[in-house]
Amino acid sequence: MGIDLQKDNPSIQGDPTNSTTKTGNVGVVTARIDDVVNWARTNSMWPMLFGLACCAIEMMGAQAANYDMSRFGMELMRASPRQSDLMIVAGRVSRKMAPVLRRLYDQMPDPKWVISMGDCASCGGVFNNYAIVQGVDEVVPVDVYVAGCPPRPEALIHGIMTLHEKVKQERFKLVG
Amino acid sequence: MEEMILPTSEAMLDGMTHLVSERALEGETLLLNMGPQHPSTHGVLRLLLELDGEKVITVIPDIGYLHTGIEKNMESKTYLKAEVMTDRLDYLNTMGNNLVYVLAIEKLAELDVPPRADGIRVIFTELQRIASHLVWLGTHALDLAAMSVFLYCFRERERILDIMEMCSGQRMMTTYFRPGGLWRDVPSGFEDAVRDFIKMFPARIDEYEALLTRNPLFLERVQGLGVLTKENALRWAITGPMLRASGVGFDLRKAKPYSGYEQYDFDIPTQTAGDTYARYQVRMEEMRQSLRIVAQALDKLPYGPVRSNNRKYVPPPRSELGVSMEAVIHHFKLWTEGFTPPAGTVYSAVESPRGELGVYLVSDGSPKPYRVHWRVPSFDNLQILPMLAKGHLVADLVALIGTTDIVLGDVDR
Amino acid sequence: MDDSTSTIVRSLAETVQQMVEQFHARVEEFRGDPTLEVRADQIVPVCQALRDAEGFEMLVDETAVDYWPTETPRFYVIYQLRSISRNQLLSLRVPLDGNEPVMPTMTGVYPNANWYERELWDMFGIHFAGHPDLRRILMPHDWVGHPLRKDYPLGYEEPQFTFNYEQIQARKLNPKD
């Protein structure tokens with residue numbers, strides 16, 4: 001979607017303050033609708049706060065100043081599932097919590113994605129017993145699994161980048 | 001497909017009618033669910049509130065959403081493998097959890113610990129205390145809408161996590177303390193990193209204090225909130241900064257010193273008001289005192305081995321395996337079966353950032369612990385939340401949860 | 001210096017000795033810590049005496065151990081009492097028989113035993129008579145069984161390697177799991 005303003009639009013040549021661009025006289029851009037929609041979705045994905053245990057502390061660390069997640073558009077962590085589109089399941093999901101998790105996932109509007117952060121959410125982790133759900137994909141469909149106990153903030157950001165790659169591959173289908 | 005039984009089913013609520021007042025049953029007051037997923041509950045805590053307008057009448061905490069079955073799981077693993085699970089209990093005080101477990105094993109087995117290992121253990125435990133208090137301060141202030149404090153605190157915490165990663169390879173769940181000492185000696189950059197931190201940190205605490213301590217908005221919200229009297233604190237077995245903010249200067253590091261704490265010179269900050277502001281002041285001062293301990297421990301750190309020589313519990317260094325048959329046998333026994341402490345029961349407690357953290361360890365002479373029970377401070381501290389919240393507003397609940405400094409991994413085990 | 005430490009040590013031993021005489025309890029010592037063994041019907045008066053007369057203000061911990069398949073006693077309930085004023089820690093043990101043991105509650109003496117006893121009911125099935133609110137605390141409210149008992153299985157998922165894949169697959173209820 002790159003256009004060269006100076007070359008393609010003769011009306012702004014010799015205009016140092018770029019005032020014509022600012023008034024909206026850039027021209028017409030054409031692109032595939034898939035690309036535009038996926039670009040919008042990846043760059044403004046709002047995660048839902050679902051920090052359960054230790055991975056939540058690393059998720060908070062990823063949100064904080066050292067490994068900033070706001071650079072990827074995730075400035076806000078919405079507490080309400082109705083206003084978010086990414087659920088990062090960070091931490092171990094116990095059998096008491098599993099119905100709550102499913103209920104919150106159902107309350108999120110489409111399109112929604114799930115990142116399973118950490119070993120406990122991906123496969124039960126260190127805990128193979130009666131109390132922990134062995135992998136959160138028993139409850140919700142997962143898009144990206146991030147390994148680690150807890151995964152470094154950089155690993156989480158890599159997981160989010162992978163999810164962005166995955167979203168960019170999504171294609172629309174004409175129904176009917 | 002069978003119906004999913006959700007936690008708020010009628011049967012559960014019917015079993016709790018004796019806990020709410022009669023006005024709730026008639027519908028005069030509002031029953032509100034502050035669910036397990038909430039930005040300010042610091043984990044998966046569910047609070048059932050009975051509200052009269054904005055005023056809180058009853059708070060019923062519902063815990064167990066993070067129950068991991070650690071106590072039962074530790075019974076089926078050898079002592080060393082079970083130590084890996086101890087980090088995950090109070091995940092903000094990971095090295096403290098390791099310390100108390102390892103102290104219990106050492107008490108049971110009458111194992112000696114070299115002084116260098118003790119010194120390094122103290123340094124890491126105090127750094128962990130500072131890191132835990134930083135998370136407390138960051139999230140407490142974030143709940144009270146002071147977001148920049150959160151970012152500053154996590155910036156400092158990254159420095160501490162860098163030190164931990166330098167020594168053990170892991171930022172949080174280190175399992176660095178082992179029975180008999182440490183896993184391995186600290187690398188060469190350790191002392192410089194810690195000294196840099198000691199030099200940099202006091203100015204940062206001053207920064208946080210400048211933002212909060214005399215801020216009228218902060219004071220309005222926390223002064224006079226959730227007053228805990230001395231008698232109540234003792235009756236309900238509250239320990240840690242909550243007890244010290246109510247006037248009782250009891251700290252396990254001074255009362256029953258472990259790991260060489262008696263050699264270090266530090267104060268126990270105490271306040272008498274017992275409200276949220278007093279607890280804030282106690283924890284801020286504790287960070288300064290912890291830094292003092294770290295500086296002294298680093299200066300007094302002796303040279304020497306970092307693990308005991310008792311080959312029944314500590315594996316031999318790999319260089320010995322090539323020359324000594326006994327070393328090979330010990331190595332083999334330790335890595336296949338694990339060490340077997342004598343039968344008996346011990347209770348060993350340390351001062352975690354939240355209070356008294358204790359391990360009750362029952363051994364039957366086999367390589368696996370027979371019963372491990374964790375006495376966790378957040379369990380008791382959470383029990384008094386209904387008492388502290390009576391008569392306050394809903395918005396104050398958030399400040400109260402922050403001031404009790406609970407970690408749900410601890411409470412639910 | 002020696003005198004003050006020896007006074008403290010004698011004080012705890014004196015307290016223990018008095019409890020043994022007054023309530024016919026037994027005492028054991030391991031690694032320097034004494035443990036009083038008390039009968040279930042006497043535990044509340046013992047703790048009351050310790051709290052009021054000897055200054056043990058806090059109930060620090062209340063837990064249980066299951067010694068299945070030994071039936072008598074099967075459970076031991078253990079209390080840890082701490083005295084802040086005297087800086088002492090005392091452990092007490094209560095033996096309980098059978099599969100559905102009942103014992104009196106400690107909430108009258110130490111109110112924070114409330115949640116501890118709920119956890120013991122949840123995890124071990126020990127019923128506390130007189131408890132104001134005995135329901136499950138850590139497990140879901142409709143869970144069946146008491147997880148920390150020794151005859152309760154760990155409930156782990158068997159790892160499927162290539163050599164035992166077929167056998168474990170045949171045992172599963174739902175082949176897609």
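Excluded from the calculations below are hydrogen atoms, water molecules and symmetry mates; all remaining heavy atoms, backbone and side chain alike, are included. Labels below follow one simple rule: chain letters A, B, ... track the order of the sequence lines, proteins then strands, and each chain is numbered from 1.
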**Prompt:** Which one, C:Tyr110, C:Tyr156, C:Phe124, leads in non-hydrogen pairs under 4.5 Å with chain B?
**Reply:** C:Phe124

**Message:** Please classify the contact of C:Asp122 with chain B as side chain, backbone, both or neither, using a heavy-atom distance under 4.5 Å.
**Reply:** neither

**Complete:** If one checks every heavy atom of B:Arg235 against chain C at 4.5 Å, the contacting part turns out to be both

**Prompt:** If you count heavy-atom pairs under 4.5 Å with chain C, which of B:Glu71, B:Arg375, B:Lys107, B:Gln383 comes out on top?
**Reply:** B:Gln383

**Request:** Working to the nearest 0.5 Å, report the span between CG of C:Asp61 and CZ of B:Phe379.
**Result:** 9.5 Å

**Request:** Could you tell me which of C:Arg51, C:Arg136, C:Gln80 has the largest number of non-hydrogen atom pairs under 4.5 Å with chain B?
**Result:** C:Gln80

**Message:** Measuring only between side-chain heavy atoms, which start at C-beta, is B:Tyr347 closer than 4.5 Å to C:Leu89?
**Reply:** yes

**Request:** Verify whether one side chain among B:Thr345 and C:Arg93 offers a donor that lies under 3.5 Å from an acceptor in the other.
**Result:** no

**Toward chain C, the part of B:Asn73 with a non-hydrogen atom under 4.5 Å** = both

**Donor-acceptor contact below 3.5 Å, side chain C:Arg31 vs main chain B:Val346** = no

**Asked** Which residues pass the salt bridge (charged side-chain N to carboxylate O under 4.0 Å, His left out) test with C:Arg82, sequence neighbours left out?
**Response** B:Glu356

**Request:** Pick one of side chain, backbone, both or neither for C:Pro111, based on which atoms fall under 4.5 Å of a heavy atom in chain B.
**Result:** both

**Per-residue contact mode, B:Leu382 against chain C (heavy atom under 4.5 angstrom)** = both

**Complete:** Distance col, row C:Asn114:CG vs B:Trp236:CH2, nearest 0.5 angstrom, shows 6.5 Å

**Message:** Does B:Lys81, at its NZ atom, have more than 12 non-hydrogen atoms belonging to other residues, nucleotides or ligands within less than 6.0 Å?
**Reply:** no

**Prompt:** Measuring heavy-atom distances to chain B, does C:Glu28 have an atom under 4.5 Å in its side chain, in its backbone, in both, or in neither?
**Reply:** neither

**Prompt:** Who wins among B:Glu75, B:Lys256, B:Lys72 for the most heavy-atom pairs under 4.5 Å with chain C?
**Reply:** B:Lys72

**Item:** Per-residue contact mode, C:Arg118 against chain B (heavy atom under 4.5 angstrom)
**Value:** neither

**Message:** Nearest 0.5 angstrom please: C:Asn112 CG to B:Asn232 CG, how far?
**Reply:** 11.5 Å

**Message:** Nearest 0.5 Å, please: how far is CG in B:Asp380 from CH2 in C:Trp115?
**Reply:** 9.5 Å

**Asked** Non-hydrogen atoms of chain C under 4.5 Å away: do they reach the side chain of B:Ile384, the backbone, both or neither?
**Response** neither

**Request:** Give, for atom CD1 of C:Ile137 and atom CD1 of B:Ile63, the distance between the pair rounded to the nearest 0.5 Å.
**Result:** 4.0 Å

**Within residues 43-68 of chain C or reaching into it, pairs that qualify as ring-ring contact (aromatic ring centres under 6.0 Å, His included) - sequence neighbours excluded** = B:Tyr370-C:Tyr67, C:Tyr67-C:Tyr76

**Request:** With a 4.5 Å cut-off on heavy-atom pairs, point out which of C:Val60, C:Ile84, C:Leu59 contacts chain B the most.
**Result:** C:Val60

**Message:** Looking at every non-hydrogen atom in both residues, tell me the closest pair between B:His373 and C:Glu62 and how far apart they are.
**Reply:** NE2-O, 4.4 Å

